Amino acid sequence: MKKSISDFLKMVLIFLAGKFKKFTMRFKKSKTMKDYMMVYYSDAKSARLTGRKVAWITSGGPVEPLIAMNVIPIYPENHGAMIGASKMGGSLCEKAEAMGYSADLCSYARSDISCATINGGPIGGLPKPDMLVCCNNICGTVLKWYEVQARYFNVPLFILDTPFCHTEYTNEAAKYVRAQFDEYIVFLEKVCKKKFDFERLKEVGHLSHQGQLLWQAVLDTATNKPSPMSAFDAFYHLALIVTLRGTQDVIDYYTQLVAYMKNRIARGIGAVPNEKYRLLWDNIPIWHRTRWLSEKFAAHNACLVADTYTTAWCGALKYIDENRFLDSAAEAHARIYLNIGIDEMAKMVLEMIDKYDVDGFVLHSNRSCKPYSFGQLDIQRIVEKERGIPCLMLEADMTDERSFSESQISTRIDAFMEIIKERKNK
Amino acid sequence: MRTAGIDIGSITAKAAIVENGKILNTKVIFTGYNAEAAGLKVYEEVLKENSLSKSSVRKIVSTGYGRNSVKFADKSFTEIMCHAAGAHHLNAHIRSIIDIGGQDSKAIVLDDQGKVKNFVMNDKCAAGTGRFLEVMARALEVNLDEFGAISIKSKNPSKISSLCTVFAESEVISLIAKGEKRQDIIAGIHESIAARVSSMSARLGITEPIMVTGGVARNIGVVRALEKKLGMKIEVSSYAQVTGAIGAAFLAASL
């Protein structure tokens, strides 16, 4: 009884803190990522007070129907990144291993599963879900991960199955995925106990499309020499396009960010002072080491100007058509970077190498993320053959800091930079 | 011009003095607990043996895992760069290097100028390194320096299938208990290292002529097993263990 009263008071406090933040934001000229994230998590954590529903959703899942139904989407993967950045991944993974989960399982899954049982991590656990939405376009692990959580929280689970698109999106695949979007809407109507608002979806779809275009515009500023931003900045600013895609906040934030980057370009300010070498990053960041890596590369006057990871949130833009939003969303979700063949992935990497004019390619072989890491060696070989630029493979893990060896990674980066410097200064 | 190279590895610290393109002297000591002290000691000893003063050395380059703890060095380079430079000076025809050190192994491909074209490292696992051999020498109660000579007598190398050093050690212990010949077990250990290192090298796409460097190159058993596995001829220099230090000294000359 006492506990439920204190939980209730906590929720009220979180709710009031969020309201206060929203109020003060009105008077701020430039709103920070922290401002938006605080309001977002405070809304989600006090959802029971305001009668809103919370859905946990995979990072590649279609979020727009949730926003249209006024459901708050929560991303365990974004939470995983926060856990990694706060260096709490190792201990949460250990806890999951003690619960019986294999050390070979994805560290996002391990930290999320164990975190839910103790309300641990940097924000005291995620708000409890009313439903789970799982799209397997990013990996197969999410199926079992979300099943585990659906059982744990005893909430309904919707699975959106996107067939692998080796080269093309067949008519059969289109019909199959599109039909599931209809089922998704029926699922939402049932859980939310209200009719789906297709007019509202149109607005959300428009905002989502605009948000992705703006995110692309942010990343495009890195084509400038020197680049006003690095991939490490992109890793940070990414959070909003992941979590709040389809809302006005995303538009406001990235409009402001594009202006900021353009201003830096006009003033000749680079993310790395004295930028001499430009690099492309592949795979999810090593969240617990972003600062160290950023300083390590900067010490060599090298800037990671772009990456395949944050580009994924605008990589399927070419398939989106606001006028046939659901059909095009089905295609865009099926044809994301992690759900296409190696040759198609390599093609995108080569395009990025040319677009950002990079001198080298750094691949994070991520112990956790199998679909991202399988095939990297082939992509590396294609890049070496087609563009002849040096490639570096770093073995680590996005969240589990136990899979990182500083002196060994340091030697690899130094040796890689020695090769790049020698080539460029020839 | 006289220059020096200091290579601080996980097990041994090496120093080389080079003068006008010639190697004057080299020295190897154990690194021990303090990498910084080991760097200074090996440097002082190599100078003392040739009655040289510190002031007579123009430039110093450090390399190896302890390269940043050599405070008196003018510059540091990675061991990849230094092994390449060292091997190139020992034999300008070399196009690939396999370096098997105490705690990692690497394969390096060189261009026709002797510059590093590409490299790959195994540093996630002790199997395939000098440390693996040390553990096995202890289990077999054989002096590690005798490993090579003993193993080439073997006609029927034992199978060591474990990919982990600790489990491979228990595999070796059970082979001892079964009464397998010591030479066969040692030959089996060498084949297991060769299997690891050659698959890594093949992934990089090494080409002949190949040179093996690093402390493990002194073990003829490992070199033979590698030749068999790769189906390629391998060169070993008498300077194998100090190739990194020699390369560092040559790089110092071009500073």
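None of the values given here were measured: they were computed from a predicted structure. Chain letters run A, B, ... following the sequence lines, proteins first and then strands; every chain starts at 1.
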Is it true that, when you exclude [X] itself, more than 12 heavy atoms of the residues, nucleotides or ligands shown sit nearer than 6.0 Å to its [atom1]?
X	atom1	result
A:F374	CZ	no
A:K421	NZ	yes
A:K370	NZ	yes
B:F72	CZ	yes
A:R387	CZ	yes
A:K424	NZ	yes
A:K355	NZ	yes

| request: For side-chain contact (heavy atoms from CB on, under 4.5 Å), just list the numbers for B:M121 and A:M393, CA-CA rounded to whole Å, side-chain angles, deciding distance to a tenth of an Å, and then say yes or no. | output: CA-CA 9 Å; B:M121 277 168 91; A:M393 183 90 73; over 6 Å; no
| Is the side chain of A:E418 donor-acceptor paired with the backbone N or O of B:F77 at a distance under 3.5 Å, no angle test? |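 Answer holds: no.
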| message | Measuring only between side-chain heavy atoms, which start at C-beta, is A:I419 closer than 4.5 Å to B:F119? | response |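 Heavy-atom side-chain distance check passes, below 4.5 Å.
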| query | With a 4.5 Å limit on heavy-atom distance, are the side chains of A:E422 and B:V116 in contact? | reply |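 Result no, sub-4.5 Å side-chain heavy-atom pair not found.
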| request: Please look at B:K106 and chain A and tell me whether the side chain, the backbone, both or neither of the residue comes under 4.5 angstrom of a heavy atom of that chain. | output: neither
| Where does B:R67 contact chain A at under 4.5 Å (heavy atoms): side chain, backbone, both or neither? | side chain
| said: Checking B:T78 against A:R412 for the side-chain contact (heavy atoms from CB on, under 4.5 Å) test, could you report, in this order, the C-alpha distance in whole Å, the side-chain angles of both residues, the deciding distance, and whether it holds? | reply: CA-CA 8 Å; B:T78 63; A:R412 287 184 189 206; over 6 Å; no
| said: Using every non-hydrogen atom in the two residues, find where B:I80 and A:A415 come nearest and quote the distance to one decimal. | reply: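 Where B:I80 meets A:A415 most closely, the heavy atoms are CD1-CB, 3.4 Å.
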| Interatomic spacing from CG in A:L377 to CZ in B:R203 - rounded to 0.5 Å |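 Result: 5.5 Å between the selected atoms.
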